[in-house]
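Scroll down for the structure; my scribbles are underneath it.
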Amino acid sequence: MTYILDITRQQSTDSQPYVQSIPFETDDPAATVAFAMRQINASPDCKDINGETVTPISWECGCLQRKCGACAMVISGRPMLACDAVLSRVARGGRVSIAPLKKFPLVKDLTVDRSAMMEALKSAEVWLKAHASAEERNEGFVFDASRCLQCGCCLEVCPNFYAGGEFSGTAAALPMARLMAALPERDRELEKSYLRHFYNGCGKSLACRNICPAGIDVDSLLVNSNAAAVWKRRFGGRGR
Amino acid sequence: MGAINIIGAGLAGLSAAVTLAERGVPCRLISLQPSERAQSVLAEGGINAALDTMGEQDSPALHFEDTVKGGCDLADPNAVAALTEHAPETVRWLESLGVPFARSGGEIALRSFGGQRKKRTAYAQSSTGKMLMTALIDEARKYEAQGLIRRYSHHELIRLVISGGECRGAHVRDRITGLCAELPGRVILASGGMNGMFPSRTTGTVMNSGDVTATAFSQGVLLSSPEMIQFHPTTVGIPGKRCLVSEAARGEGGRLFIAKATGEKWYFMEEKYPELGNLSPRDVVSREMYFARRQEDTAGEVCLDMTGLSDDIWKNRLSDLREELIRYTGIDPKNTPVPVHEGIHYFMGGIDVDIRHRTNIPGLYAAGECCGQYHGANRLGGNSMLGAVYGGRTAAETAAEGFSPSQESEPAFAPLDDEPLLTPARESFNERLAVILTEALGIVRRADVLESAIGKVRALSEEAVCQREKLRCALALAMLRGALERRESRGAHYREDFPQRSDDFRRTTVARFEANDAVISFREIPERRAEQ
Ligand SMILES: Cc1cc2nc3c(=O)[nH]c(=O)nc-3n(C[C@H](O)[C@H](O)[C@H](O)COP(=O)(O)OP(=O)(O)OC[C@H]3O[C@@H](n4cnc5c(N)ncnc54)[C@H](O)[C@@H]3O)c2cc1C
Ligand code: SF4
Ligand code: SF4
Ligand code: FES
């Protein structure tokens, strides 16, 4: 099967973006967008549909198995991990559009600078101020919240998030939920920070629901964090 | 203010950074990608420590014995003693940072892992590495806010600054701006394993290219045991890589078999190794799989049979592993055995360090998978995360000795075009090199194949168009020459032409760079000191 990958290329922030259409042939039904781009980058003679040579495509790669969050991009209109995007499933009429995340400054082609996510966690003071010791009922929550990849897919769809703003989105709320769940006592500063950097700015539009490529049950983590930060209840009272 | 430079922000680099910060010593944490993307997040099955919470009378002494034996007597016993002695406090420290280890009766639960006589592996489902990393990233953030840890994510090491025989800094490039700077200070290398020498053929990340090790090697840093490459017995192929099926699958009761031509299932590990069976050390299992497939009366692939595992295990200990297998193989391991194959998983060898994690160059240290410490000829599952965390902490303690803050301001980043090490190796070149290495450095090795591979790599080196390609060839030659000169079989290194273990080779392979090639020597392994 030959797919056409319509990849948004852009040399740098100063230059104009354009779409390069690159044919990719594979008979592996499990082949992903990440796999295709690695193959393309490894073939120096690869040509696009107009016969132009394809220069190496810049994108962030890592584990190739959905565990490092490096390869988040917009595929067929939806933010997802390139290594999770099976060509046969994401293609529309044999074509796959591949573009960078729009919420972050572009570096080159599909590579963006997501440092703002890490900076947001720093300004929200997301770290433990006491030794962790989770109640038994919260152990599963700590596990789940710890799984966040910091990939940014949830931020891409969030109408209220922009890089560098005070509202830091689900990607910051989950690490805060981890701390709330892991601590033996309430941390008022952390709860305040949660209100300021997440709760107050969240429009509850739920656009971020079902987008998380790690499959984290974001809802129950947020419900419990809200219960703790807003209603001053102990984290973990709400079921999973 | 002066700072210590750490190259790599996985488990080893993060542990080193936090340890320095705890002592008030500032550091720069330099990595190609943010910590969330480091290979350490992939680690699955768990981390070892003789916590003895399962009522089995385990002890650091037994952990020591299993590690030395699993490494086929090639590890430095004094280093292993320090590692196993400090393992319980290391895991307790991680627990205090909020790692959600599985518990039983209020205590950290432990599972069985290969080559160990006791349950000794602390775990969180099959995502232990991710849990450790999240906790350490949060802890590091606390010190980032204090300015003690300065992050240089998206920066790569170009080369070390070595003058007067001492390491005085790291030359790095910002991958976003392209600007470069020489960051002064001692350097801890924590850049991970050499997966990039075998692209698409390992369970690790493609980002650990091996370039750091190759560059350090070319600058006079010694390597140890470069020929010791671990094949994990249970991996499945997915597009572009080998996907690990954690040893926890067998630790929780999974069994390996191959079909005989008669149709009967042959549980070869259980038959041949009555004591450890399916949980024998990885070198043994991988080799037996290889031989079982080659036997005339067997057919097809070796299968991992997990159909006997209880619902409780699937739900509480291996749910993520099951999900992954269904996704990647289409097989539900709860009902059907999964065909598995050996895959490159870990590099026991690497940058040569002593028990305090010093390299042969003063001012330069190394920890984690990039260094050649603790695991000898074969690493036990669960010991590498331990080695990375404990090693990172030890390297930091050593590097901090005598550290004095200075008044220097942070160096400015500036363009630099004439640096030969800026050009990355071509992927097509890497692939050609990998084909040669894969043929020669497999589970079974032979002199003629190794000799021919050395010839091919030397020829390929002539075709290199940039410095990094040249250096990768030199690193490849260190692996090949180490394997050729070790005329015996031990651990992960099995020579068809020398199938026995030989006491003459109970010595560490040491590789030195010379004229774009590697010179091999062997070093005595120290005796165990009475007092640690
Ligand atoms: C699938 C899988 C499962 C595993 N399961 C287990 C397990 O259950 N138990 C266990 O004990 N071990 C396990 N291991 C092994 C273990 O995870 C690793 O050995 C360990 O995490 C290595 O940590 P590290 O800090 O040395 O390196 P890494 O985590 O690989 O980090 C390397 C760092 O160096 C940086 N870097 C690399 N090159 C450069 C460069 N040129 N310039 C700047 N920075 C650079 C990277 O960005 C990264 O930050 C597993 C490994 C894999 C692949
Ligand atoms: S609910 Fe809406 S506003 Fe709130 S984080 Fe999700 S997408 Fe953003
Ligand atoms: S919550 Fe999910 S989508 Fe958002 S950053 Fe974390 S892993 Fe990515
Ligand atoms: S490469 Fe790691 S998530 Fe895609």
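Values below: all heavy atoms of this structure, side chains included; hydrogens, waters and symmetry mates excluded. Order of the sequence lines sets the chain letters (A, B, ...), proteins ahead of strands, with each chain counted from 1.
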Inset, instruction - For chain B, find which of A/Val86, A/Leu121, A/Thr111 contributes the most heavy-atom pairs closer than 4.5 angstrom. - result: A/Leu121

Inset, instruction - Decide, yes or no, whether a salt bridge links B/Arg432 with B/Glu463 under the criterion of side-chain N to carboxylate O below 4.0 Å. - result: yes

Legend entry - Electrostatic pair A/Glu189:A/Lys192 at N-O distance under 4.0 angstrom: yes

Inset, instruction - Identify which part of B/Asn316 has an atom lying under 4.5 Å from any heavy atom of chain A, answering side chain, backbone, both or neither. - result: neither

Inset, instruction - Heavy-atom distances under 4.5 Å only: say whether A/Asp45 touches chain B with side chain, backbone, both or neither. - result: neither

Legend entry - Test: A/Glu119 and A/Lys122 ion pair at under 4.0 Å: yes

Inset, instruction - With a 4.5 Å cut-off on heavy-atom pairs, point out which of A/Gly215, A/Gly69, A/Ala182 contacts chain B the most. - result: A/Gly69

Legend entry - Sub-6.0 Å ring centroid separation between B/Phe413 and B/His155: yes

Inset, instruction - Specify which of B/Ala145, B/Ser200, B/Gly330 makes the most heavy-atom pairs with chain A at under 4.5 Å. - result: B/Ala145

Legend entry - Residue among A/Gln65, A/Arg147, A/Glu60, A/Glu139 with most heavy-atom pairs under 4.5 Å to chain B: A/Gln65

Inset, instruction - Can you tell which part of B/Tyr328 gets under 4.5 Å to a heavy atom of chain A, answering side chain, backbone, both or neither? - result: side chain

Legend entry - Under 3.5 Å: donor-acceptor pair, side chain of B/Arg28, backbone of B/Arg151: no

Legend entry - Cationic N near anionic O, under 4.0 Å, B/Arg92 to B/Glu95: yes

Legend entry - Part of A/Leu183 lying under 4.5 Å from any heavy atom of chain B: neither

Inset, instruction - Could you tell me whether the side chain of A/Met117 reaches within less than 4.5 Å of the side chain of A/Phe104, counting heavy atoms only? - result: yes

Inset, instruction - Flag the pair B/Arg201 and B/Glu431 as a salt bridge only when some basic side-chain nitrogen lies within less than 4.0 angstrom of an acidic carboxylate oxygen. - result: yes

Inset, instruction - Considering only heavy atoms and a distance below 4.5 Å, find which of A/Ala132, A/Cys151, A/Pro44, A/Cys68 pairs most often with chain B. - result: A/Cys68

Inset, instruction - Select one option (side chain, backbone, both, neither) describing which atoms of A/Ser115 are under 4.5 Å from chain B's heavy atoms. - result: side chain

Legend entry - Among B/Arg426, B/Arg175, B/Met131, residue most engaged with chain A (heavy-atom pairs, under 4.5 Å): B/Met131

Legend entry - Closest-packed option against chain A by number of heavy-atom pairs under 4.5 Å, given B/Ser127, B/Ala135, B/Pro34: B/Ala135

Inset, instruction - Sort out for me which of B/Glu139, B/Gln39, B/Gln33 touches chain A most, counting heavy-atom pairs under 4.5 Å. - result: B/Gln33

Inset, instruction - Give a yes or no on whether the ring-centroid distance for A/Phe141 and A/Phe235 is below 6.0 angstrom. - result: yes

Legend entry - Side chain / backbone / both / neither for A/Ala31 at chain B, heavy atoms under 4.5 Å: backbone

Inset, instruction - Pick out which of A/Thr8, A/Asp48, A/Asp109 makes a side-chain hydrogen bond (donor to acceptor under 3.5 Å, both in side chains) with A/Gln20. - result: A/Asp48

Legend entry - chain B contacts, top residue of A/Val126, A/Val142, A/Leu149 (heavy-atom pairs, under 4.5 Å): A/Val126

